[in-house]
Amino acid sequence: MNKQQTIEQAIAQIPDGASIMVGGFGSPGTPFALIDELLKQGQKHLTLIKNDANEMGIGISKLIENGQVDKLVSTHIGLNRRVIELMNEGVLEVEFHPQGIFAEKIRTAGAGSFGFLSDIGLESEITKPEDLLDWKGARYKVEMALGADFALIHAAQADTFGNLVYQGSAINFSPLMAMAANQVIVETAHCRAPGELEPACIHTPSAFVSSLVVLPALTNDYGIMEHHVRH
Amino acid sequence: MNKQQTIEQAIAQIPDGASIMVGGFGSPGTPFALIDELLKQGQKHLTLIKNDANEMGIGISKLIENGQVDKLVSTHIGLNRRVIELMNEGVLEVEFHPQGIFAEKIRTAGAGSFGFLSDIGLESEITKPEDLLDWKGARYKVEMALGADFALIHAAQADTFGNLVYQGSAINFSPLMAMAANQVIVETAHCRAPGELEPACIHTPSAFVSSLVVLPALTNDYGIMEHHVRH
Amino acid sequence: MSDINRIISRAAREIQPGNIVNLGIGLPTQVIHHLPEDMDVLIHTENGVLGAWKQAQPEQMDPFLIDSAGAYIATRPGSAFFDSAVSFAMIRRGKLDLTMIGAFEVDQQGNLANWKIPGKFSPGIGGAMELAQKTPRIVVLTTHCDKKGAPKVLKHCRLPLTAAACISRIITEKAVIDVTPEGLVVREKLEPISNEALQAITEAELIFPPELEAS
Amino acid sequence: MSDINRIISRAAREIQPGNIVNLGIGLPTQVIHHLPEDMDVLIHTENGVLGAWKQAQPEQMDPFLIDSAGAYIATRPGSAFFDSAVSFAMIRRGKLDLTMIGAFEVDQQGNLANWKIPGKFSPGIGGAMELAQKTPRIVVLTTHCDKKGAPKVLKHCRLPLTAAACISRIITEKAVIDVTPEGLVVREKLEPISNEALQAITEAELIFPPELEAS
């Protein structure tokens, strides 16, 4: 059950053209080390699925700025001027969803279902006529499941089987993405022996994890970022 | 934010004819004390939603045997001969779902969605023609959300705000039901002050809990049951 | 007191003990600094925190704990962390009592537009659509006019809506205005201004009830 | 060795190191007792345990921890507890490698009937339908004939199906039989029996490959 791999091995599984879910809301939960390895290996024509685009110069923004990303599925990129420019220039295709719908579409894929019936934005411009379903007396928007080939996840702690624990607001989309992606690559700086994590406090059970990368330490990217300090 | 009530107050909120979700898979997670109070108060024409019917003479089987229940929505009642008899005699209406679909229908209500697209049992006798949806090139079964007026939940630990922690396999349907029911009544023998439960290890956040009943102790019903000891 | 401070300090009084509240990015985020330290309130953030509190002191900042506006926050005793699906389940199930939110435009039907200016600004929807559509009470915090002096309280929103008929109350630096079946009713003035002057900077038709003048 | 023990001990050899396995109620549940204590395997139970293990010793029984058959169990290091929605997400997403399951009837198309005998037995579906439909490898453990001596391995199931074309292998006290595109292929005999005698107690047509006789 030992899922440990080197970071090179783990990321080398990703081919050009892959769809990749990336955990994180802002910096917390963003797997900076896995992203940097993807930058180094240079896979191209990627579709990324992440809540936001991080900020310029860090996280997935590096991949986008480096031209490795064809499409981004997201909820809000307001904190990244450069990615907004690339979107407006037509260099990067961006697909937006309301944040909770984004979460729920991923979770639906993770649950092995195919879509769900929603009323969010039913009469707004985000709903196209072809998404509407009249069913048993009511009108719904059909939101289809959103899966991916890979997920890149940062965990605060893991055991060698791949049981995961997240910290604070770094949990956000990670457990959903771990369920939804076909291959799940996890980084952690704190790897435990099986049995060291409390079974009732595990956020992602090991069955959902494919590869575990143990980081020697967390770099500055994971520290307090000036842009997150409100002034 | 203090949600504490007496068991009498909490259960007296339930009117005749209410739909009630009850946590538990077998004994673990079954809120025996809340059920016994419901037996005492005698509300009638109830619809119960529980994975199973417990065993004869304990848990919701008492309510069914006492004639308080018109309908049971469940996945398997094979361990309760008496309830099977009542079903076969037409005294009790029983609606069965596959266990994971039962869980997911409840979770869908809990997520504020209305239904989901499934392929489970698509070509089996559990799928009626009117549940089939052809959508964007594929055929699905539409599973509608399953909500309820009340949920009765047993938690291993709670704080006075209503944050909940479950133990072992007693978690099962409880966090889903706590999200799906309009009023959520929780019993626990271990009530903590706010801040004593680790925020990252809370299974049900307090927002989903309406009433908290602190039990002086757990009765024998919560102990080792002879029928769960395999021979 | 600055216009902004007047909005924020008035908005803080909207929060009742026992409330679960979401504070949107911008003006609403700042309301938390006007709440008493011991107030019985739970602040919800979309990114999975119930029990968020004021910005953390520098030496106590946790790099893995931000609010949905991106600031390192402290939490209150009794807080919980959870994933984004649970966070929005809480929103869609109506478990929040109050959301305060910013706006580009509001109108007399209670419509809200705050996510997109076609051709100029469309960084995404974020959590606004679900908050606006599903929170029982939406209070909009906004300057009365935009930077060019054009009214933001309109007869009909012209921008794409975030949600229709969702607003309960609008708080500007000039007034507190309720959305009612009869229309927009001015409840309080937050600076000395005549009814005529307030109406002049408001495209929507305002109702001035008699008790307003008496106050 | 009894018929039942022969089925169970042969079934235990189906489990490979590294597997995630669900063991259905009845014969499959007993397979766990034939696994080495240190085997690298994770047992999944529908009620939210990954890493379930053999029945707990009386003094170590936890009243809040049972398997889906209702027995107080021990767990292995590295186990996790989770809710029923996550448990079935794991099943529907194909994260289990193997499910062993009982049967009323199986047939040569790999169909499984194990949840309902109309008019006689219908206590509910439980988790069988999703396990049968979504686990990559389904191994059925069953006596070769029912208590009246009637074949259970049929040309076509007559009872309502749990899932269609889901079975990989059938293990009875007589033989190990694989479901293949060509039909049911006998891989092993578990007691001395002629091909003719085995076919005689089997409604489905069996294929006896040459290498079987050599073994």
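- By a heavy-atom distance cut of under 4.5 Å, E130(B), D131(B), L132(B), L133(B), W135(B) are the residues of residues 120-135 of chain B near chain A, going up by number.
- The interface of residues 101-117 of chain B with chain A, defined by heavy-atom distances below 4.5 Å, comprises E104(B), R107(B), A111(B), S113(B), F114(B), G115(B), F116(B), L117(B).
- Counting heavy-atom pairs under 4.5 Å between each of K136(A), E143(A), Q167(A) and chain B puts K136(A) at the top.
- Using a 4.5 Å heavy-atom cut-off against chain B, no residue of residues 151-163 of chain A qualifies as contacting.
- Contact residues of residues 181-204 of chain A toward chain B are A200(A), C201(A), H203(A) (heavy-atom distance under 4.5 Å).
- Other residues, nucleotides and ligands contribute only 12 or fewer heavy atoms inside 6.0 Å of the CG atom of N220(B).
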